[in-house]
Amino acid sequence: MSDALEVLDQVGKWKASGKGVAVATVITTWGSSPRPVGSQLGVDDAGNMVGSVSGGCIEGAVVKEALDAIKDGKPRLLDFGVTDEQAWDVGLACGGKVQVFVEKVN
Amino acid sequence: MKAETLAALQDARAKRRAVALATRLSDAAEALIYRDEAKGDLAGDQAIVSAARRAMDIGKSETVDIGGAKIFLNVYVPPPRLIIVGAVHIAQSLAPMAAMLEFDVTVVDPRGAWATTQRFPGVRVIRDWADEAFQEMGLDVSTAVVTLTHDPKLDDPALESALKSDVFYIGALGSKLTHAKRKERRAQAGITDEMFARIHGPIGLNIGARSPAEIAVSILGQIIEVRARRLEALAAPKVAAA
């Protein structure tokens with residue numbers, strides 16, 4: 001099963017159980033980014049995660065925005081640049097940039 | 001994303017139906033675009049619908065600029081499927097290797113002694129004639145069919161059905177001589193030379209493979225190559241007619 005569909009399955013289950021849910025999707029990448037366009041992260045209102053939008057370095061920030069999106073219902077477009085130095089620290093390929101779209105599941 | 005959209009994406013996956021979700025980034029308005037229909041807020045925008053269908057053809061999600069609005073096209077295409085006809089020794093290597101490459105694998109063989117889940121742990125095994133099984137499964141453009149039995153009774157009907165579908169790959173195990181004889185038989189069954197040429201036979205890349213596992217590698221190498229070249233050709237910009 002592809003990752004994206006695994007994420008949607010879990011998101012569907014959270015939604016069905018009455019939780020607030022948001023989905024974050026990698027929509028553009030530049031340079032060597034760790035996850036391809038279309039990669040998704042599902043987040044529930046307690047901050048539980050499924051899937052990934054990076055090798056782990058931006059998930060924290062994305063979850064925070066996702067929780068806000070669940071509260072106010074507004075979609076968000078987030079830009080992340082990974083500098084070579086940061087990339088080294090978190091063990092990612094260097095110089096990648098990603099743009100992530102975050103929206104609530106209504 | 002609407003909850004109905006989520007349900008529709010899951011439904012499309014279950015039915016192996018390709019779909020693209022178009023989302024306008026400014027306000028999260030969306031549309032679900034299939035090959036034969038489009039639904040949702042943005043479904044009336046023909047430029048979005050065409051862009052989404054093109055993205056589906058090449059199997060690639062992307063953000064596009066349409067009429068000054070940024071639209072994200074998220075493509076959900078069914079995973080490639082490999083149908084192995086003949087629950088033989090090579091199939092026992094081929095099935096797990098293909099699963100590792102994220103193919104959805106099915107083994108078909110009417111012979112009860114061969115088609116057992118014990119011989120193929122974790123793989124879908126159908127104990128039936130290939131043409132019957134194909135009819136039920138539905139062959140599509142993201143499917144590869146491989147025949148491995150060496151037995152014309154089993155291989156021929158499978159090849160015939162596969163040739164009448166738009167599967168992206170057909171391969172048949174057997175020597176050059178076996179393949180030549182196969183071609184004679186097919187001519188009698190009304191399969192033209194042009195149709196027959198779609199079959200990769202002898203199957204696999206010529207890497208001097210000997211053992212079942214090596215042959216499985218050569219077959220998968222060829223399937224990967226055929227699939228990649230096809231997607232490359234679809235992704236290549238169309239040259240304008242002079």
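Residue numbers start from 1 in every chain, and the chains themselves are labelled A, B, ... in the order their sequence lines are given, proteins ahead of strands. Every heavy atom of this structure was used, including side-chain atoms; hydrogens, water molecules and symmetry mates were not.
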Quick one: what part of [X] sits under 4.5 Å from any heavy atom of chain B, side chain, backbone, both or neither?
{"X": "A/L77", "answer": "side chain"}
{"X": "A/V11", "answer": "both"}
{"X": "A/K104", "answer": "backbone"}

[X] atom [atom1], over 12 foreign heavy atoms within 6.0 Å:
{"X": "B/Q135", "atom1": "CD", "result": "no"}
{"X": "B/M97", "atom1": "CE", "result": "yes"}
{"X": "B/E232", "atom1": "CD", "result": "yes"}

Which bit of [X] comes within less than 4.5 Å of chain A, counting heavy atoms only: side chain, backbone, both or neither?
{"X": "B/L6", "value": "side chain"}
{"X": "B/K70", "value": "side chain"}
{"X": "B/D104", "value": "neither"}

**Study point:** Which of B/Q10, B/E4, B/K2 touches chain A most, by non-hydrogen pairs under 4.5 Å
**Key:**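 Looking at each option in turn, the highest pair count goes to B/Q10.
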Exercise for review: In sequence, state the C-alpha distance, the side-chain angles, and the governing distance for A/Q40 and B/N74, and then conclude on side chain to side chain contact (heavy atoms under 4.5 Å, CB included).
Suggested key: CA-CA 10 Å; A/Q40 293 184 310; B/N74 206 359; 3.4 Å; yes
Review point. Which atom pair, heavy atoms only, marks the closest approach of A/F101 to B/T23?
Key: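 In this case the closest contact between A/F101 and B/T23 is CE2-CG2, 3.6 Å.
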Point to revise | Nearest non-hydrogen partners of B/F72 and A/V26, listed with the distance | key: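 Looks like CZ-O, 3.7 Å.
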Review point. What option among A/T28, A/V37, A/I27 has the most heavy-atom pairs under 4.5 Å with chain B?
Key: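 Option with the top pair count is A/I27.
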Exercise for review: Could you grab the distance from atom CD of A/E103 to atom CG of B/D27, nearest 0.5 Å is fine?
Suggested key: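 Spacing of CD (A/E103) from CG (B/D27) equals 10.5 Å.
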